[in-house]
Amino acid sequence: MYAFSSSFLPSFPSSKLLSPAIRTQSYVPVRNASSHGTEEKPQNISTTAKKTPNIPNSSPQPRKVAAPAKIRVEPTMCTVIFGAFDDFINRFIDPPIRPSVDPRHVLSHNFAPVDELPPTECEVVEGSLPLWLNGTYIRNGPNPQYFPRGPFHLFDGDGMLHSVRISEGRATLCSRFVKTYKYTTERDAGAPIFPNVFSGFNGLIASTARATLSVARILAGQYNPANGLGLANTSLTFFGSRLYALGESDLPYSVHLTSNGDIETLGRHDFNGKLLRSLTAHPKIDPETCETFAFRYGPVPPFLTYFYFDANGNKHPDVPIFSMTRPSFVHDFAITKNYAIFTDIQIGMNPMKIILRGGSLMGYDPTKVPRLGFIPRYAKDESEMKWFDVPGFNLIHAINAWEEDDGNTVVMIAPNMLFIEHVLERVDLTHALVEKNKYVYAAIGDPLPKFTGVVKLDVSNGECREGTVATRIYGPGCYGGEPFFVAKEPDNPEAEEDDGYLVSYVHDENTEESRFLVMDAKSPELEIVAAVKLPGRVPYGFHGLFVRESDLNRENVEDTWQAVIGAVTKFDSRCSDKIRFLSTEPAASQSNLWKNPSSFSLSLSGKIPSKAPTLKINFPPNATTPKINFPPSPPNLSWIFINFSQV
């Protein structure tokens, strides 16, 4: 059974978003600055170590894997010249005057960026981690590689993944940038190069200046926009035995969780050339069919495009939705057994208005009437798309939807955005699944975008306000992220829906310490089962998920088979037809192989002749990539024998 995690967005004065004071511990958010940078270093940096009480615990002392030494990159003359022009724009044409775009304000306190942290063992300081809770909680969020020179919005930060790998009651923290094309290009250049889309175009003069600078950098070969400008900083998803970091302005980036708790970026993924542009940050996975439903939206027609992936991660053709006649902010959607449900809200995109008048990439239109659109899940075109006006309903995140009355009624649960004109100044964090549910776990925002606690709601009667079942407040000065529910028995249809745990990162601004909390979802006060002290600060971020050990093993098996397929093809291309057939077989025998590789062998086709050549696949201890030994290729090859062994 599944349960749901979400958060609501109550109204609050915009002046309370962040305190303008900058407070750091040992982190200074001016990192990797080039010689022509103009950013100001924060004042009053505290270097006094705060003592923490000694709490007896049997957990091992934290052990940190050695990080590679940083290499200082000397910027080229081209980078220096363009950087000076950028500084001129940020100082004299479009300085970050408003607090909402001033990086010293936006990136203060626990929003300040941190460096990467290699896999480091953590200390359990309260309770104990459940032994069955084996897997990785991983959360995405913005973390600029370089401190911004000019106007900055949180959405413009480079994606950083923070993961806690749990195995047999022990935890390991790791923080890694998603190695996007933007990140690696700027890392190699030693300076920021790409424009800040959400905050960099404010009025005609500033927009013209920054657009001119971007064109000059492209012509000079500093970056190629065809390789993607995305940040992969919003969320994560796991389908088709693959884990992806998502940002809805670009293709997803495939990432891999290693056995020692590290995070590796495998690269930008286009699903064999079938995904040409971007992917929503909130795809929906049907737990029964294992299909994944998704969409993309943008400022040019078609403004909305719907598509889905089968259980193996193969993408089906696009369904463009031309009945959405102007660009709208479609951040999330919902699915039921038979429908996909989209919203057309009062927030839209108007690039020309931004260029001429300045402001946010998104804009509020009070004259627009919001709509809900329904399209069959497996539609091949939009001919059956139906839209319904829903005045006053502005949805940013959907919690869930399902069908009743034999499909004649669709029930949808979602927070309605009040004071919609201010929504882009805040961060609303919601995670949603796609199965009928009774409970919702919501983060309490006070003040947003920080969360003071979590509440468990019973939505079975359709009234969230009166359905509070349990509450956990983190304490004075303590703020967390969105809660994620992890079921004890996800494959047991008889299990109670709330039989599991809530997990989340929580930061104490009094002690400047971050923790990973595990809470009992069934208890009336969401009792803390385990608190893990983290060896590094985890900034506030966006969306996350928990990947079970069984899913990680499935990912490793998939990687192994891809290596085997490549090896056999390299050995003799005449096997390619058999290999393609083999790669589509069910994963039962593949999982067997991973668990017991020393006693498993497989032929590519039929019965194995006695003189068949042998391709040996050896697995070194703790390795994710096998070593492959090639036999001599016979002139009349029709069979090949694959032998797997542990070395």
Side-chain angles (χ1 to χ4, degrees), residues 1-12 282 284 287 332-337 341 343 372 390 392-405 409-420 423 426 428-474 479-490 493-504 506 517-529 543 546:
M1 299 295 292
Y2 290 85
F4 296 76
S5 309
S6 176
S7 66
F8 295 105
L9 190 64
S11 61
F12 64 95
H282 294 289
K284 306 299 181 190
D332 200 358
F333 77 131
I335 67 166
T336 67
K337 182 178 180 181
I341 308 169
T343 59
L372 282 178
V390 282
F393 181 60
N394 287 288
L395 177 151
I396 301 296
H397 291 99
I399 295 175
N400 196 20
W402 62 85
E403 298 174 22
E404 295 180 352
D405 303 328
T409 301
V410 173
V411 179
M412 185 177 188
I413 299 178
N416 188 20
M417 305 300 295
L418 303 176
F419 302 99
I420 191 70
V423 70
R426 315 166 188 177
D428 179 26
L429 307 182
T430 309
H431 185 84
L433 297 176
V434 290
E435 185 180 274
K436 183 177 180 179
N437 63 295
K438 179 179 181 180
Y439 297 113
V440 168
Y441 302 95
I444 303 171
D446 183 23
L448 285 170
K450 301 188 293 188
F451 300 104
T452 56
V454 59
V455 62
K456 177 182 179 181
L457 303 173
D458 183 344
V459 296
S460 57
N461 62 359
E463 294 291 335
C464 292
R465 294 183 181 274
E466 300 177 0
T468 301
V469 177
T471 304
R472 160 66 58 178
I473 302 299
Y474 299 132
Y479 303 96
E482 67 173 8
F484 192 91
F485 178 80
V486 183
K488 284 185 180 179
E489 300 177 277
E494 304 300 323
E496 295 183 78
E497 183 184 308
D498 59 348
D499 189 13
Y501 296 103
L502 296 177
V503 296
S504 181
V506 175
L517 295 188
V518 180
M519 296 164 277
D520 184 358
K522 288 181 68 70
S523 65
E525 296 182 353
L526 302 178
E527 177 185 352
I528 295 178
V529 175
H543 304 286
F546 186 86

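Treat the numbers as computed from the prediction; the structure is a model and nothing was measured. Index from 1, following the sequence.
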Does atom NZ of Lys337 have more than 12 heavy-atom neighbours, drawn from other residues, nucleotides or ligands, at distances under 6.0 Å?
no
Residue set satisfying side chain to side chain contact (heavy atoms under 4.5 Å, CB included) with Lys488, at least two apart, ordered chain then number -> Trp132, Asp499, Tyr501
Nearest heavy-atom contact between Ala334 and Met412 is CB-CE, 4.1 Å
Give a yes or no answer on whether the side chain of Asp332 reaches the backbone of Ala398 with a donor-acceptor pair at less than 3.5 Å.
yes
Discussion item. Does any part of the side chain of His397, heavy atoms only, come nearer than 4.5 Å to the side chain of His543, both counted from C-beta?
Written reply: yes
Does Tyr439 offer a backbone N or O that forms a donor-acceptor pair with the side chain of Asp458 under 3.5 Å?
no
Practice task
With the side chain counted from C-beta on, respond yes when Tyr474 and Ile528 share a heavy-atom pair under 4.5 Å apart, and no when they do not.
Solution key: no
From the list Ile335, Val410, Ile413, side chain to side chain contact (heavy atoms under 4.5 Å, CB included) with Trp402 holds only for Ile413
Exercise for the section: Report the relative orientation of the aromatic rings in Tyr441 and Phe485; use parallel for angles under 30°, tilted for 30 to 60°, perpendicular for over 60°. Expected result: parallel
Here the gap from Ile396 atom CD1 to Thr343 atom OG1, rounded to the nearest 0.5 Å, amounts to 7.5 Å
Across all chains, not counting sequence neighbours, the side chain to side chain contact (heavy atoms under 4.5 Å, CB included) partners of Glu525 are none
Heavy atoms of Leu526 and Ala521 approach each other most closely as CD2-O, 3.8 Å
Find out whether Val469 and Leu457 are in side-chain contact, i.e. whether some heavy atom of one side chain is under 4.5 Å from a heavy atom of the other.
-> no
dist Ile473:CD1 -> Thr452:OG1 (nearest 0.5 Å) comes out at 4.5 Å
Does the side chain of Leu395 come within less than 4.5 Å of Asn416's, by heavy atoms? no
One should read off an interatomic distance between Ile444 CD1 and Phe451 CZ, to the nearest 0.5 angstrom, of 10.5 Å
Requested in this report: In plain terms, say whether Arg472 and Asp520 are close enough for a salt bridge, that is, a side-chain N and a carboxylate O under 4.0 Å apart.
Outcome: no
Glu527 meets the side-chain hydrogen bond (donor to acceptor under 3.5 Å, both in side chains) criterion, sequence neighbours left out, with none
Of all heavy-atom pairs linking Gly481 and Ala443, the shortest is O-CB, 4.1 Å
Between the NZ atom in Lys456 and the OG1 atom in Thr468, the distance rounded to the nearest 0.5 Å is 11.5 Å
Those residues at least two apart in sequence (or on a different chain) that pass side chain to side chain contact (heavy atoms under 4.5 Å, CB included) with Val503 are Tyr137, Phe484, Val486, Phe516, Val518
